[in-house]
Number of protein chains: 2
Amino acid sequence: MTQLAEAARRIPLNRDRVLNAAVTLADEVGIESLSMRRLAQELGVVPMALYKHVANKEELLGGMVDTIVGEIGPPVPDAPWKSAVRLRVLSARQVLLRHPWARSVIETRTNVTPAVLGYMDGFAGMFLTGGFSVDLTHHVMHAMGSRMWGFTQEVFDDSAGQAGDQQPQVPAEVRAAMARQMAENFPHLFKIAAAAAHEDDSVVGNGCDDQFEFEFALDLLLDGFERLHQQNWTSGGGKGR
Amino acid sequence: MTQLAEAARRIPLNRDRVLNAAVTLADEVGIESLSMRRLAQELGVVPMALYKHVANKEELLGGMVDTIVGEIGPPVPDAPWKSAVRLRVLSARQVLLRHPWARSVIETRTNVTPAVLGYMDGFAGMFLTGGFSVDLTHHVMHAMGSRMWGFTQEVFDDSAGQAGDQQPQVPAEVRAAMARQMAENFPHLFKIAAAAAHEDDSVVGNGCDDQFEFEFALDLLLDGFERLHQQNWTSGGGKGR
DNA sequence: CGTACAGGTGTACGGCGTACACCTTGCGTT
DNA sequence: AACGCAAGGTGTACGCCGTACACCTGTACG
């Protein structure tokens, strides 16, 4: 046992081992609990050993993103731009859903790595080979924003309840009082929430189908792109500014 | 002098003074340099004193968001939904541009405060009173996402150069080499960047007009919303799923 | 005059990222 | 066979962070 652990420790650390360990650790305990010390411990090594393989924590995070960008897989060739884009985004989304921490890490990244640039380049390529002008492609890329990665920036209260949570069991009366408060102070949101909760009768969650919402917005954008493309939109002429 | 400072210190701290100080401090030094200790120092007080007015740093950040949400101002009444939404978003954007830290704070917030809910409620209200169905309003709110607050989640390399930066003065040959590298590895992005850099001949920045990109995407969405509304879209029937 | 309490203080703890000097080990060269 | 060197792991330490907890102090009110 000790020998085996010893042997495991003996196969030398390298960048990939560090990165992969970081990814799975983040998957397990969440990005906010991923510290250099914790990661080192997981690898049976002293914290400073990591610095022989990554320059600092920033670079570690960048490498982690690179790692999962590698999971996305190549774009389907020879598809019309719209479905090509759609598929690629949804496939990126699958990956990102497996690594929930990646959203915040991608967002806060300041130095873009080649792997990330590569992904974005492929993305731009789909529009260009689809016949989009360079100009339109540029703006369309901006309009995609982080949706390119398959996630939306939700500002809604979706922290209400995770699947496995041990809910604190709020008494019914308090629940009712909260609902009344909500109806009084935020009537519009209340209406929406009530309707959504009604629609699917599952009790858990906020009654929103994230995947549906994502595709709804995505298709809205793609349709918009298509229209602009068809009418040969240019930044000077169209309705923009 | 000592007396005056003493006197200033004498007017007692309260939640608003703490929050306002935090906002201006974050404006000045950036959110990453805003620590409880630093803020306390700024207020001429010992760190723990702050905890008599905010429960913890999370709540401080929430309060800071509340503070600047208050700067946004009320929606214009009696305007058609589209211009009402447009104006409100752009006015939120003005505020958010004054407080660049707010973007990341809003994004990472987990407990939504009443002020934030109020803003979102007003937002939903514009669609509802504009005749949108509850259903459509719901999805439309999701599709807006953080654009509701006037910012886009940019994943582009815009950290290239801030206005006041003392640029490290990269030698021309290195610059050229980087450009060649870029053209080789990321041909599509290169095309876009080259065209954009050409368009406005300012040397600084990445050649992107953030305000234009924002409005471009915003109008794309709003037009999409309008179309769906006009054709009485419902989540069951339309083109969605 | 006494006392309660809001509000400011001091000390301390455990965690973080990481600088720096050090030690071990295995390999290519002579 | 001896050597030296670099790659890679170690130990210690520093300065920062958020905040728990016990404590003091001045003001308002009975």
Side-chain angles (χ1 to χ4, degrees), chain A residues 2-23 25-26 28-65 101 104-105 108-111 113, chain B residues 2-23 25-26 28-65 101 104-105 108-111 113:
Chain A
T2 327
Q3 279 189 353
L4 208 141
E6 188 76 2
R9 214 165 49 67
R10 224 15 100 68
I11 77 171
L13 228 45
N14 60 35
R15 198 162 202 276
D16 277 349
R17 281 227 306 142
V18 169
L19 258 31
N20 286 326
V23 166
L25 184 56
E28 283 164 10
V29 304
I31 195 69
E32 72 284 346
S33 305
L34 175 80
S35 66
M36 298 300 275
R37 294 169 133 96
R38 176 88 186 255
L39 175 58
Q41 188 183 336
E42 213 76 12
L43 287 163
V45 117
V46 97
M48 287 311 291
L50 301 177
Y51 288 87
K52 290 278 151 74
H53 305 280
V54 295
N56 48 44
K57 191 173 184 182
E58 272 293 293
E59 203 195 276
L60 175 76
L61 293 171
M64 290 169 67
V65 171
W101 49 269
S104 62
V105 176
T108 59
R109 208 90 320 268
T110 158
N111 283 332
T113 65
Chain B
T2 326
Q3 278 189 351
L4 209 139
E6 188 77 1
R9 212 166 50 67
R10 225 13 101 66
I11 76 170
L13 228 47
N14 60 37
R15 197 161 203 276
D16 277 350
R17 282 226 308 141
V18 170
L19 258 32
N20 286 326
V23 166
L25 184 56
E28 283 165 11
V29 304
I31 195 68
E32 72 284 347
S33 304
L34 175 79
S35 65
M36 298 300 273
R37 293 169 133 95
R38 176 88 186 257
L39 176 57
Q41 188 182 336
E42 213 77 13
L43 286 163
V45 117
V46 99
M48 285 311 290
L50 301 176
Y51 288 87
K52 289 281 151 73
H53 305 282
V54 296
N56 48 44
K57 193 173 184 182
E58 272 292 293
E59 201 195 276
L60 176 77
L61 293 171
M64 290 168 67
V65 171
W101 48 268
S104 61
V105 175
T108 59
R109 207 88 321 264
T110 158
N111 284 331
T113 64

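Chain naming here is simple, since letters A, B, ... match the order of the sequence lines and numbering starts at 1 in each.
- Screening residues 55-64 of chain B for side-chain hydrogen bond (donor to acceptor under 3.5 Å, both in side chains) gives B:R15-B:E59, B:E58-B:R109 as the qualifying pairs, with residues at least two apart or on separate chains.
- Whole-Å rounding puts the B:L39 CG to D:dC17 P distance at 12 Å.
- The CD atom of B:E59 sits 15 Å away from the P atom of D:dG18 (whole-angstrom rounding).
- When the side-chain hydrogen bond (donor to acceptor under 3.5 Å, both in side chains) test is applied to A:E42, no partner is found at least two apart in sequence or on another chain.
- When each of A:L61, A:N14, A:V54, A:V65 is tested with A:L19 by the rule side-chain contact (heavy atoms from CB on, under 4.5 Å), just one qualifies, namely A:V54.
- Residues meeting the side-chain contact (heavy atoms from CB on, under 4.5 Å) test with A:S104, sequence neighbours left out: A:I31.
- The side-chain hydrogen bond (donor to acceptor under 3.5 Å, both in side chains) test applied to B:T108 returns no partner, not counting sequence neighbours.
- Phosphate contact (OP1/OP2 of D:dA7, side-chain N/O of A:H53, threshold under 4.0 Å): absent.
- Atom pair B:N14:CG and C:dG7:C1' shows a separation of 12 Å (rounding to whole Å applied).
- Rounded to whole angstrom, the span from the CG atom of A:L60 across to the P atom of C:dC16 amounts to 14 Å.
- A:R38 has its CZ atom 12 Å from the P atom of C:dG17, to the nearest Å.
- Following rounding to the nearest Å, B:L50 (CG) and C:dG10 (C1') show an atom-to-atom distance of 15 Å.
- Atom CG of B:D16 and atom P of C:dG7 are 13 Å apart (whole Å).
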- Message: I'd like to compare against my own output: the B/S/- annotation of nucleotides 19-25 of chain D with a strict under-4.0 Å heavy-atom distance to protein.
- Response: BBB----
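- The CD1-C1' distance, from B:I31 to D:dC17, rounds to 15 Å in whole Å.
- For the side-chain hydrogen bond (donor to acceptor under 3.5 Å, both in side chains) condition, no pair includes a residue of residues 29-41 of chain B, sequence neighbours left out.
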